[in-house]
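Report on the structure given below.
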Number of protein chains: 2
Amino acid sequence: MIEKPASKAQAITSEVRRRIVDREWRQGDRIPDEAELAVEFGVARATVNKALQLLAEEGLLDRKRRAGTHVTVNPARKTTLTIPIVREQVEGAGMEYSHRVVAQKLSPLPADIAARMALTEGAALIHLRTVHYGDSRPFQVEDRWINPEAAPGAELIDFQRINANEWLVRNFPWLRNDMAFSAENANARDARLLETRQGAALLVLQRTTFNDLGAITSVRLAFHPGYQMLATP
Amino acid sequence: MIEKPASKAQAITSEVRRRIVDREWRQGDRIPDEAELAVEFGVARATVNKALQLLAEEGLLDRKRRAGTHVTVNPARKTTLTIPIVREQVEGAGMEYSHRVVAQKLSPLPADIAARMALTEGAALIHLRTVHYGDSRPFQVEDRWINPEAAPGAELIDFQRINANEWLVRNFPWLRNDMAFSAENANARDARLLETRQGAALLVLQRTTFNDLGAITSVRLAFHPGYQMLATP
DNA sequence: TAGTGGTCTAGACCACATC
DNA sequence: ATGTGGTCTAGACCACTAC
């Protein structure tokens, strides 16, 4: 079954990708310039430009003014990762979503989180610990700090009723975010909340979001053992 | 310090993002159509189109013909992850890179890997186990299967001399790849090769790449304990 | 069926890096 | 100095889908 390309630009993208994969154009080679390709494919130069820019973003091509377009030698390729919303993730897997707030109170900010949020240690932030369930089995534990300066109104919300992430995301779009993946051995609390054994390897996502008022929230998400995060191709 | 936008489209992207973050345009709101914005910003419609498409890819806007452009209600935002090349990663951290091939031989493919590669169980593939070092401390262990059908010539390569990933990436560009992150407790072999204790939590990246001849390679990369993978914003 | 975004075109000017 | 990609424009036609 041959895919029908959605647009001329897409068709050119595919064809160029094919030539690279089939090694008609080798790594390091210079490919014909936009004007030539426009003639070959019978389209305007802008269309070729769009197609080649796609491949450049993908990391397959290197483009430079005057030097022309070359097939990348050591392509460090990129993938997009969709930051999922827990509820959608759980419900998408055909399970029923629920969550339980284990703790919600104003607390002084510890040093490590303060550094991540670029705030001063000891500042009073909302500290929230939540367990997210799929069909009443623990799916993820969340340890979140919320900065009421950047998210005014957060003090008044009962996050037992409204999922903190959803409330934040709906009310405070962010400008910038830091994100890191790591693996951690479950500590005693993780183990209890995730109903697993201490020491189990957990995939941990640490994320801090900012708007123009500063850090909005910083959260540590620890997934249940065996969880896999898939990159969308 | 105000950033000078590189292009008109970029400037429009920033301005629209600002309006959303500052809640001039609320989540769910319909924003003016392209023609109106083109007049407002004094540019051609194509320029507005480009700017808004960027924000739509980012997940901030929902665009539909006839319905117009709306601010996304529950933005499931996306991030791009750069798949790093081990050597560059190590050298980028100011360490000296080296690697050691622990095993390289033709072996029958186990069932789980066969499923990932869409090949038949028991097929003869090149099986490679490698440890990557930074300043002679273990950085990552690699367990790789290479399909000589899709990567002809691989049988003849001495991967002690040439890093398998670099050889593959230079010679066999891929069309498609599957990728998954997870956390695993170090097994006995992981622990030995990474010079850590058994049971330590390891960040594991499992990746399979394909070209038009089928699966090229499937690899499990286990990073040293404490490793963090950062998403590039 | 009409309004909106999706795409394409032909042409133009510019910025940059190499020649 | 000059060839290449980067960007923009004005206009056009089309495809989708909400109305």
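None of these values were measured; they are calculated from a predicted model. A, B, ... follow the sequence lines: proteins, then strands. Residue 1 opens every chain.
Salt bridge status for R87(A) with E166(A): present, with a side-chain N to carboxylate O gap under 4.0 Å. Taking the charged nitrogens against the carboxylate oxygens, R19(A) and E40(A) do have a contact shorter than 4.0 Å, which makes a salt bridge. In this structure, E36(B) does not pair ionically with R45(B), as no charged nitrogen and carboxylate oxygen lie closer than 4.0 Å.
The footprint of chain B on DNA chain C, defined by a heavy-atom cutoff below 4.0 Å, extends from dA2(C) to dT7(C).
With values rounded to the nearest 0.5 angstrom, H70(A) atom NE2 is found 9.0 Å from D29(A) atom CG. In this structure, E15(A) CD and K8(A) NZ are separated by 15.5 Å, a value rounded to the nearest 0.5 Å.
No side-chain donor-acceptor contact under 3.5 Å links D135(B) to the backbone of R137(B).
The residue among G42(B) and Q53(A) whose nearest nucleotide of DNA chain D is located toward the 5' end is Q53(A).
One can place CD of E34(A) at 8 Å from C1' of dT4(D), the figure rounded to the nearest angstrom.
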Atom pairs, N/O to N/O, protein against nucleotides 15-19 of chain D, distance under 3.5 Å?
residue, atom, partner, partner atom, Å
dA15(D), N3, R65(B), NE, 3.0

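Taking the six-membered ring where tryptophan is involved, the planes of Y227(A) and F223(A) are essentially parallel, since the angle between them stays under 30° and well short of 60°.
A35(B) comes within contact range of no nucleotide atom at all, as no heavy-atom separation falls under 4.0 Å.
Here side-chain hydrogen bond (donor to acceptor under 3.5 Å, both in side chains) pairs that include residues 214-223 of chain A, with residues two or more places apart or in two chains, are R144(A)-T217(A), E184(A)-R220(A), D190(A)-R220(A), T208(A)-S218(A).
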